[in-house]
*Asks:* 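Take a look at the following structure, please.
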Amino acid sequence: MIVDARVLRDEFVPREVVHRDAETNRLSAALSPLLDGEPAETALLTGPSGVGKTCIAQYTVSRLRERVLDIETQYVNCWQNYSRFRALYRILDGLGQTIDIHRQSTPRDELLERLERYDGPPCVVILDEVDQLEDMRILYDLYHLPRFSMILIANREEELFARLDDRIQSRLHTAERVHFDRYSVDELVAILEDRAESGLTTGAVAREQLAIIADAAAGDARVAIGILRNAARQAQRAESRAITYEMLHEAIPEGRAEVRRKSIETLTPHQRALYDILAEEGELEPADLYAAYQARVDEPKTDRTVRNYLQKLAQYNLITITGTSRDRTYVVERRE
DNA sequence: CATCCACCGGAACTTAGGGTTC
DNA sequence: GAACCCTAAGTTCCGGTGGATG
């Protein structure tokens, strides 16, 4: 059933990309000065999730590396490495410059100094989910390092810009900006066909079934591939030769629940308590929520900390926050 | 329509926990 | 082993916001 599970994984970067020629070309153009040994333009890729931003960034850089030997690349997921220290550490670590650095004790300035002293080949740093950084100064840091070029990836340009100070903003205005739109059903089907062809046995899934997946995924390729992966796994377990429609329909809600489950697992006990309360109550006003939280946990944190936790839950799309002051309510996100 | 006040979120500060240096 | 450095997490403080209320 499954011939090559790798191509069904989220982080897989295909050898050829489908339906993103224009975007790929613009990103290539921004990076092309590297071919002449010049620093590349900063690129800013925006668009909703699952539209191929990360994939195109990695694909374009790897294609560039096929043409020019001496280029390094570092991928940093800012969601996981959200502090200035961790993000810088991640880059140095990837470049193999951290052997004698011990996480806590080394000052950030030391990390910066090392990056300044770096004299290896030019390095393209992909900062994924850059809007998740809690300190945007790292962009400024990297701007001052001529050997480093940046590809920034974010959902919404306006929200990212709102958080930048003037100096970085003005520099980013000259960046090559590439916006990605949601995939159409046809485009998603083409992507799925591509993956099914190299990942599954022939005849494992019908084109018509791929159309159902594409439709359910609402333009999000990550969701679409997740559904296909779940259905294929199910078929594998059942030792079936093909994916049945029943397996398919089971896999659709599963694909979405999977993302949520993973997010919930990363919560601290206190954050989890807040989520549980909202999951039970559905919707609460700030005072009621905080009272329920105080009743539930030992040694409750202050309300200010709880507000930070709630922002975190919202970022994970586990809850929705509405209203800005007295009209504020917290609502659990429920959608199969 | 002024004033109230629950709530928000930025910023400065504190504390805990680690490591280094001499 | 004391003095010092770092980060991360949490707290304290506080000005701003905008529905509610008389």
*Asks:* Round to a whole Å and report the spacing from NZ of A:Lys312 to C1' of C:dG10.
*Replies:*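 About 14 Å, once rounded to whole Å.
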*Asks:* Distance check needed: C:dC6 C1' versus A:Leu111 CG, whole Å only.
*Replies:*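 Computing the A:Leu111:CG to C:dC6:C1' distance gives 10 Å.
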*Asks:* Sort and list the pairs that fulfil salt bridge (Lys or Arg N to Asp or Glu O under 4.0 Å) and have at least one residue in residues 189-204 of chain A, not counting sequence neighbours.
*Replies:* A:Glu193-A:Arg207
*Asks:* Is it the case that the ring center of A:Tyr143 lies less than 6.0 angstrom away from the ring center of A:Phe148?
*Replies:*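 No, they do not, as the ring centres are separated by 6.0 Å or more.
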*Asks:* Find every protein N or O atom lying less than 3.5 Å from an N or O atom of nucleotides 6-9 of chain B, and list the pairs.
*Replies:*
from  : atom 1 : to       : atom 2 : distance (Å)
B:dA6 : O4'    : A:Arg326 : NE     : 2.9
B:dA6 : O4'    : A:Arg326 : NH2    : 2.5
B:dC7 : OP1    : A:Ala287 : N      : 3.2
B:dC8 : OP1    : A:Tyr330 : OH     : 2.3
B:dC8 : O3'    : A:Arg328 : NH2    : 3.3
B:dG9 : OP1    : A:Gln311 : NE2    : 3.4
B:dG9 : OP1    : A:Arg328 : NH2    : 3.3
B:dG9 : OP2    : A:Gln311 : NE2    : 2.8
B:dG9 : N7     : A:Arg304 : NE     : 3.3
B:dG9 : N7     : A:Arg307 : NE     : 3.0
B:dG9 : N7     : A:Arg307 : NH2    : 2.9
B:dG9 : O6     : A:Arg307 : NH2    : 2.8

*Asks:* Residues in side chain to side chain contact (heavy atoms under 4.5 Å, CB included) with A:Gln132, at least two apart?
*Replies:* A:Trp79, A:Glu129, A:Gln315
*Asks:* According to a hydrophobic-cluster definition based on side-chain heavy atoms being under 4.5 Å apart (Ile, Leu, Val, Met, Phe, Trp, Tyr only), do A:Val306 and A:Ile319 belong together?
*Replies:*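 A:Val306 clusters together with A:Ile319.
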*Asks:* To the nearest angstrom, how far is A:Arg84 atom CZ from C:dA9 atom P?
*Replies:* 17 Å
*Asks:* Scan residues 128-137 of chain A against DNA chain C and write down, sorted by residue number, each residue with any heavy atom closer than 4.0 Å; if none is found, say none.
*Replies:*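 Those residues: none at all.
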*Asks:* May I have the distance from A:Asn81 (atom CG) to C:dT7 (atom P), rounded to whole angstrom?
*Replies:*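 Checked: the CG to P distance equals 15 Å.
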*Asks:* For A:Arg296, what residues pass the salt bridge (charged side-chain N to carboxylate O under 4.0 Å, His left out) criterion, not counting sequence neighbours?
*Replies:* A:Glu280
*Asks:* Counting only heavy atoms and a strict 4.0 angstrom limit, can you tell me which residues of residues 290-302 of chain A come near DNA chain C?
*Replies:*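 Contacts with DNA chain C under 4.0 Å: A:Lys301, A:Thr302.
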